Amino acid sequence: MYIVKEFLNEHKEDEDCKMLYDDASRIINETDFSKLYSEKTKLFSIGFNLEENELTDSYYDFLASEARQASLVAIAKRDVPAKHWNALSRTITIFKGYKGLISWTGTAFEYLMPNINLKTYEGSLIDESSKFAIMSQKEYCRRLRSSLGYF
């Protein structure tokens, strides 16, 4: 929504865009991330169990995932405390002598999606983990092709 809002901000002279900009601003302001935040774990739950009227016992906890994006927004909005950032997992794995953060399932989406709208700094842990993910994905594809008899 932040990206949409910024796009609409550049076109606010158009009355329709102004209305959409106002709607996007309202949605952002009314979104309350604290509803999914667990004080106990300092993490976001992946959902809410209506039958038991409580957060589910599974959490978005990997820095190398889309959770990073939601965390930054929630912290910036002051919906959750800044210390939440430190609760995100920074577990590192090694592959072919390279190190990188682990994600939920190791998909390129998890590693790279947040980089679309969050700045990545050359040489940072996020930058190195993104490169690690790309290298790992390429190796996986190479092995898959080989096992299927492709070149």
Side-chain angles (χ1 to χ4, degrees), residues 1-140:
M1 287 305 292
Y2 280 97
I3 305 240
V4 170
K5 180 182 168 186
E6 285 308 306
F7 170 80
L8 293 168
N9 188 42
E10 295 174 12
H11 300 86
K12 279 198 302 189
E13 65 280 354
D14 178 305
E15 189 58 35
D16 290 335
C17 285
K18 170 71 171 105
M19 287 174 37
L20 290 171
Y21 174 86
D22 291 343
D23 286 343
S25 296
R26 181 183 49 73
I27 290 168
I28 290 167
N29 292 332
E30 291 177 3
T31 299
D32 184 359
F33 288 91
S34 69
K35 304 292 185 207
L36 292 173
Y37 185 72
S38 166
E39 287 291 336
K40 179 179 153 192
T41 64
K42 308 291 185 235
L43 296 167
F44 289 113
S45 172
I46 63 168
F48 191 84
N49 184 328
L50 288 175
E51 293 172 359
E52 297 184 22
N53 197 33
E54 64 186 18
L55 295 174
T56 60
D57 199 23
S58 296
Y59 302 93
Y60 287 113
D61 61 350
F62 288 105
L63 183 65
S65 75
E66 64 276 15
R68 174 168 87 246
Q69 209 167 352
S71 295
L72 281 175
V73 171
I75 291 167
K77 287 184 72 235
R78 298 178 188 233
D79 287 351
V80 300
K83 63 185 171 186
H84 157 64
W85 187 255
N86 295 326
L88 294 172
S89 173
R90 289 158 175 80
T91 303
I92 293 179
T93 189
I94 299 172
F95 178 68
K96 289 193 158 191
Y98 294 94
K99 296 177 184 173
L101 293 168
I102 61 168
S103 69
W104 282 96
T105 61
T107 65
F109 170 82
E110 290 169 324
Y111 283 94
L112 303 178
M113 189 277 289
N115 297 349
I116 292 171
N117 50 27
L118 296 178
K119 185 166 178 61
T120 302
Y121 296 92
E122 185 71 30
S124 68
L125 181 59
I126 296 297
D127 178 56
E128 293 299 316
S129 292
S130 296
K131 291 173 182 173
F132 173 81
I134 292 167
M135 179 202 63
S136 300
Q137 291 291 321
K138 286 180 176 179
E139 177 64 18
Y140 172 76

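Predicted model only: the values in this text are computed from it and were never measured.
With respect to Arg26 and Asp22, no salt bridge is recorded, no charged nitrogen being found less than 4.0 Å from a carboxylate O.
Crowding of Tyr140 atom OH: a count of heavy atoms from other residues, nucleotides or ligands under 6.0 Å not exceeding 12. Other residues, nucleotides and ligands contribute over 12 non-hydrogen atoms within 6.0 Å of the NZ atom of Lys131. For Lys35, the NZ atom sits in a loose shell: 12 or fewer heavy atoms of surrounding residues, nucleotides or ligands are nearer than 6.0 Å. Met135 CE: more than 12 foreign heavy atoms inside a 6.0 Å radius. By the 6.0 Å contact criterion, CG on Asp57 is open, its count of non-hydrogen atoms from other residues, nucleotides or ligands being 12 or less.
No side-chain heavy atom of Tyr60 sits under 4.5 Å from any side-chain heavy atom of Leu88. Taking the side chain as every heavy atom from C-beta outward, Asn53 and Phe48 approach each other to under 4.5 Å. Here the side chains of Leu20 and Val4 are not in contact, with every heavy-atom distance at 4.5 Å or above. Looking at Asp79 and Thr31, their side chains never come closer than 4.5 Å, going by heavy atoms from C-beta outward. Annotation: side chain of Lys99 is not in contact with side chain of Thr93 (no heavy-atom distance under 4.5 Å). At a threshold of 4.5 Å between non-hydrogen side-chain atoms, the residues Tyr2 and Val73 count as touching. Using a 4.5 Å heavy-atom threshold, the side chains of Glu66 and Phe109 count as touching. Side-chain atoms of Tyr98 and Ser136, non-hydrogen and from C-beta on, never get closer than 4.5 Å to each other.
Summarising the geometry of Lys18 relative to Lys12, their closest heavy-atom pair is CB-O, 3.5 Å, with the distance given to 0.1 Å. Closest non-hydrogen pair, His84 versus Lys42, comes out as ND1-O, 2.7 Å. Minimum interatomic distance between Ser130 and Asn115 (heavy atoms only, all atoms of both residues): OG-ND2, 2.9 Å. In terms of heavy atoms, Ser103 sits closest to Thr107 at OG-N, 4.0 Å. Of all heavy-atom pairs spanning Asp127 and Tyr121, the tightest one is CB-O, 3.1 Å. Closest non-hydrogen pair, Ser25 versus Lys5, comes out as OG-CE, 3.2 Å.
Of the inter-residue distances, the one linking Phe44 atom CZ with Leu36 atom CG reads 7.5 Å to the nearest 0.5 angstrom. Distance CG/Leu55 to NZ/Lys40: 11.0 Å, rounded to 0.5 Å. Between Ser71 atom OG and Phe33 atom CZ the span is 9.0 Å, to the nearest 0.5 Å. Rounding to the nearest 0.5 Å gives a distance of 7.0 Å between CD of Glu122 and CD of Glu128. Atom-to-atom distance recorded for Glu139:CD and Phe95:CZ is 4.5 Å, nearest 0.5 angstrom. One finds the CG atom of Leu63 at 6.5 Å from the CG atom of Leu125 (value rounded to the nearest 0.5 Å).
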(request) Go through the steps for Leu112 and Ile134 under the test side chain to side chain contact (heavy atoms under 4.5 Å, CB included), then give the verdict. (result) CA-CA 9 Å; Leu112 303 178; Ile134 292 167; 4.1 Å; yes
(message) Working note: Glu110 + Phe62, criterion side chain to side chain contact (heavy atoms under 4.5 Å, CB included); need CA distance, chi angles, decisive distance, verdict.
(response) CA-CA 9 Å; Glu110 290 169 324; Phe62 288 105; over 6 Å; no
(request) Decide side chain to side chain donor-acceptor pair (under 3.5 Å) for Thr56 and Ser58; before the verdict, give the C-alpha distance in whole Å, the side-chain angles of both, and the deciding distance to 0.1 Å. (result) CA-CA 6 Å; Thr56 60; Ser58 296; 5.2 Å; no
(request) Begin with the C-alpha distance, continue with both residues' side-chain angles, and end with the deciding distance and a verdict on side chain to side chain contact (heavy atoms under 4.5 Å, CB included) for Leu43 and Ser38. (result) CA-CA 6 Å; Leu43 296 167; Ser38 166; 5.7 Å; no
(request) Carefully, step by step, assess Arg68 and Ile126 under the rule side chain to side chain contact (heavy atoms under 4.5 Å, CB included). (result) CA-CA 10 Å; Arg68 174 168 87 246; Ile126 296 297; 3.6 Å; yes
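With hydrogens and angles ignored, the 3.5 Å screen pairs a side-chain donor or acceptor of Ser129 with a backbone N or O of Leu101. In this structure a side-chain-to-backbone donor-acceptor pair under 3.5 Å is missing from Lys77 to Ala74.
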